[in-house]
Engineer: 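Sending over a structure as structure tokens; questions will come in a sec.
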Amino acid sequence: MEIQEKIKKEIIQVFEDEFNYKCSIDNINIDQTPKNFDGLYTLILFPHLKYLKENLSEVGKKIGDALNNKSAIISRYNQVKGFLNFDIKTEYLLDVFKSILNQKKLEKVSKKTKEIIVEFSSPNTNKPLHLGHLRNIFLGDSISKIYEALGYKVHKVQIINDRGIHICKSMLAWRKFGEGKTPNSQKLKGDKFVGDFYVKFEKELKKETKKLCVKGLSEEDALKQSKLMLEVKSYLKKWESGDEEILKLWKKMNNWVYDGFEKTYKSLNVEFDKNYYESSTYLLGKKNVDQGLSKKIFYKEKDNSVWIDLTKENYDKKLLIRSDGTSVYMTQDIGTAIKRFEDYPKSEKQIYTVGNEQDYHFKVLFKILDKLGYSWAKECYHLSYGMIDLPDGKMKSREGTVVDADELITLMKETAKNRTVELGKLDDFDSKDQERLYNIIALSALKYHLLKVDPRKRILFNPEESIDFQGNTGPFIQYTYARIQSILKRGKMLNIDFKSLNFDNVKKLSVNEKRIIDLILKHRNNLIKSAETYSPSILCNYVYNLSKTYNSFYQEEKIFDGKNNETTSFKIALSDITSSIIRESLNTLGMDVVNKM
RNA sequence: GGUUCCGUAGCUCAACUGGAUAGAGCAACUGCCUUCUAAGCAGUAGGUUGAAGGUUCGAGUCCUUCCGGAAUCACCA
């Protein structure tokens with residue numbers, strides 16, 4: 001980027017000197033030269049042609065020659081039609097590289113002055129986490145880390161959906177069919193244990209309604225008359241009225257679930273700073289709705305239900321309080337949002353990581369918060385992502401057609417293990433290192449697989465086809481990193497001190513070396529772009545590109561050629577910086593690195 | 001039906017916000033391990049960017065209309 005800006009400035013000068021044409025910097029576009037053309041950067045002449053008043057080839061020649069004479073950056077040029085391709089001076093690239101080498105250490109001291117809140121995961125407490133949650137968690141975790149890398153203090157939070165009809169279903173099924181079993185007695189993870197009873201409930205319910213349907217009832221009526229449904233609803237009522245026995249059961253089962261979630265989060269290497277529980281925030285929103293009522297932002301219907309009319313803003317009318325006085329999801333979200341900004345008052349914005357099925361909900365929520373007068377409402381952002389499809393359609397937890405998170409992780413670890421053994425790479429690992437290796441490889445394969453896709457797009461996941469470990473994958477990037485570590489190790493053994501390198505003796509850079517330096521310079525911009533667009537996928541692409549370019553370089557040019565001169569040192573220095581950028585990138589994607597594999 | 005999003009190689013994804021001959025990976029085929037890790041590198045093949053119009057020097061990208069898919073529009077969460 002820095003290079004692009006400098007080229008732009010030089011070109012403005014040339015436009016003025018040679019053509020008497022004043023052009024603003026925003027109107028100049030410097031692109032990366034495509035691979036099959038010679039050069040690193042390209043100026044597109046077309047947009048300027050009408051101001052330059054000469055024909056294309058003359059314009060190109062004039063600009064190119066002028067730059068050849070004056071430029072501190074450009075070493076030579078070539079013209080293809082309306083495109084002017086530039087090569088960059090070796091001295092200049094080395095200069096820039098040197099400054100990175102020096103500045104690298106200073107960077108980490110930067111203070112964290114800005115704050116944001118990031119919400120992600122936010123599960124229901126009636127079932128274990130599945131592949132859909134994984135996409136959510138990886139996205140939220142990575143976005144948090146990207147902002148942290150940019151100097152933000154990030155508050156990672158989730159809202160736990162711990163109350164409602166769904167958990168009552170599990171509770172009822174456990175009472176009816178559980179026979180006093182516990183996760184301990186069954187040697188089952190707590191979330192799995194509770195989830196099984198949820199599925200059991202749905203099964204029994206289906207049986208019952210089917211019978212009623214045979215008797216001639218419609219599906220809807222069957223559901224209404226079903227004894228199980230009536231009983232579940234009585235649980236919900238008892239819960240809301242504070243029935244001690246129900247509350248006790250509710251707490252017990254939720255704790256089983258939390259225990260299970262904790263294990264999953266731990267295996268994913270993901271943590272939260274604070275959990276919000278719906279059971280303790282659902283009343284908060286009501287207070288705010290009352291305030292909105294007195295400000296006439298909301299209105300009351302005859303049946304006492306409370307609404308907001310957003311038809312002027314191109315939305316619908318939206319219910320906020322039911323006629324029986326109970327709150328809905330929207331009410332709770334209003335309360336939770338306000339609470340969070342009270343808890344973290346310095347936060348300038350909040351990012352909600354929630355699936356795209358709730359796009360409309362969040363548009364309305366932010367609109368309401370804005371109308372209530374909260375200045376931060378405009379800074380709230382819904383990080384919306386696409387669903388994960390299986391080959392035969394969407395995952396449905398009610399029907400048990402989900403890919404379980406824990407099972408998938410276990411499977412990935414086994415695959416990592418098998419591959420490692422097949423490749424015969426176990427020689428110098430002790431068993432503890434082995435476990436760590438499998439773990440990191442498996443997680444980076446899985447995380448990268450889900451993060452490399454633009455969040456907005458849906459992902460098709462085929463359980464029959466395993467996630468790749470070759471090509472554009474997490475393990476490929478890990479491999480590149482590990483390779484470099486062994487280069488660095490060897491350099492150390494040979495006592496090559498690349499840090500006190502004299503760059504003046506490096507006369508020539510290969511195309512790959514130039515590309516690597518160029519990519520290194522672009523790291524920060526890619527990080528910023530990832531943050532601005534809320535897309536870790538940009539960072540994935542970037543670090544893949546860097547790894548791929550490095551591997552080409554690695555394969556084509558020997559680093560240790562026996563001479564141990566400045567060229568050797570330079571190549572080690574280049575490798576060192578590359579590896580630290582790979583490590584930082586992987587870290588911001590939520591992954592650890594391995595030194596050998 | 002209204003609104004929003006998506007459609008790119010057989011498959012999974014890119015394409016710097018309007019630039020060159022649309023790029024990678026997987027799968028297929030051909031080479032490369034007695035010097036730094038072959039989970040790699042180099043190469044071959046694979047495309048009417050869902051369709052048709054329009055805007056201009058120039059369109060996968062912008063506008064219109066179709067076709068196909070998804071989400072949402074509940075006193076559900």
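The sequence lines fix the lettering, A, B, ..., with proteins before strands; numbering per chain opens at 1.
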Engineer: Do the numbers put Arg135(A) on top of the ring of Tyr385(A), so that NZ or CZ is under 6.0 Å from the six-membered ring centre and no more than 45° off the axis?
Structural biologist: no
Engineer: So if I take every side-chain heavy atom of Ile559(A) and compare against U12(B), C36(B), U21(B), which nucleotide ends up nearest?
Structural biologist: C36(B)
Engineer: Identify, residue by residue, the members of residues 466-480 of chain A with a heavy atom below 4.0 Å from RNA chain B, and return them in order of residue number, or none.
Structural biologist: Asp468(A), Phe469(A), Gln470(A), Gly471(A), Asn472(A), Phe476(A), Tyr479(A)
Engineer: Compute whether any side-chain donor of one residue and acceptor of the other, for Tyr448(A) and Asn472(A), lie under 3.5 angstrom apart.
Structural biologist: yes
Engineer: With a cut-off of less than 4.0 Å, is there a side-chain N or O of Ser486(A) near OP1 or OP2 of C36(B)?
Structural biologist: no
Engineer: Taking 4.0 Å as the cut-off, does a side-chain nitrogen or oxygen of Lys81(A) come that near to OP1 or OP2 on C57(B)?
Structural biologist: no
Engineer: Ignoring hydrogens and geometry beyond distance, is the side chain of Lys425(A) in donor-acceptor contact with the base of U37(B) at under 3.5 Å?
Structural biologist: yes
Engineer: Tell me, which of residues 355-363 of chain A have any heavy atom that sits under 4.0 Å from an atom in RNA chain B?
Structural biologist: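 Those residues are Asn356(A), Glu357(A), Gln358(A), Tyr360(A).
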Engineer: Does Lys8(A) make a cation-pi contact with Tyr41(A) (under 6.0 Å, within 45 degrees of the axis)?
Structural biologist: no
Engineer: Would Phe46(A) count as stacked on G19(B) if the rule is ring centres under 5.5 Å and plane angle under 30°?
Structural biologist: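 Yes.
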Engineer: Apply the ring pair (Phe, Tyr, Trp, His ring centres under 6.0 Å) test between Phe83(A) and each candidate in Tyr77(A), Phe46(A), Phe37(A); give the one that qualifies.
Structural biologist: Phe46(A)
Engineer: When the C1' atoms of U8(B) and U61(B) are compared, how many Å lie between them, rounded to an integer?
Structural biologist: 12 Å
Engineer: Do the side chain of Asp316(A) and the base of A74(B) come within less than 3.5 angstrom through a donor-acceptor pair of N or O atoms?
Structural biologist: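 Flag unset: no donor-acceptor pair detected.
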Engineer: What interatomic distance, in whole Å, is found between C1' of C32(B) and the corresponding atom of A71(B)?
Structural biologist: 50 Å
Engineer: Going by the rule side-chain hydrogen bond (donor to acceptor under 3.5 Å, both in side chains), which residues pair with Tyr299(A) if we only count those two or more places apart in sequence or in a different chain?
Structural biologist: none
Engineer: Take atom C1' in U30(B) and the same atom in A45(B), then report the distance between them in whole Å.
Structural biologist: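 Pairwise C1' distance, U30(B) against A45(B), rounds to 11 Å.
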Engineer: Look for any protein N or O under 3.5 Å of an N or O in nucleotides 6-9 of chain B and output each such pair with its distance, or none.
Structural biologist:
residue : atom : partner   : partner atom : Å
C6(B)   : OP1  : Arg456(A) : NH1          : 3.0

Engineer: If pairs are Watson-Crick or G-U with both distances under 3.5 Å, what is the dot-bracket string of RNA chain B, marking crossing pairs with [ ] and pairs to another strand with |?
Structural biologist: (((((((..((((.....[...)))).(((((.......))))).....(((((..]....))))))))))))....
Engineer: What's the gap between U55(B) and C11(B) when it is taken at their C1' atoms, as a whole Å value?
Structural biologist: 35 Å
Engineer: For residues 360-368 of chain A, tabulate all N or O donor-acceptor pairs below 3.5 Å that involve a side-chain atom, not counting sequence neighbours.
Structural biologist:
residue   : atom : partner   : partner atom : Å
Tyr360(A) : OH   : Asp316(A) : N            : 3.0
Tyr360(A) : OH   : Asp316(A) : OD2          : 3.4
His361(A) : NE2  : Asp333(A) : OD2          : 2.7

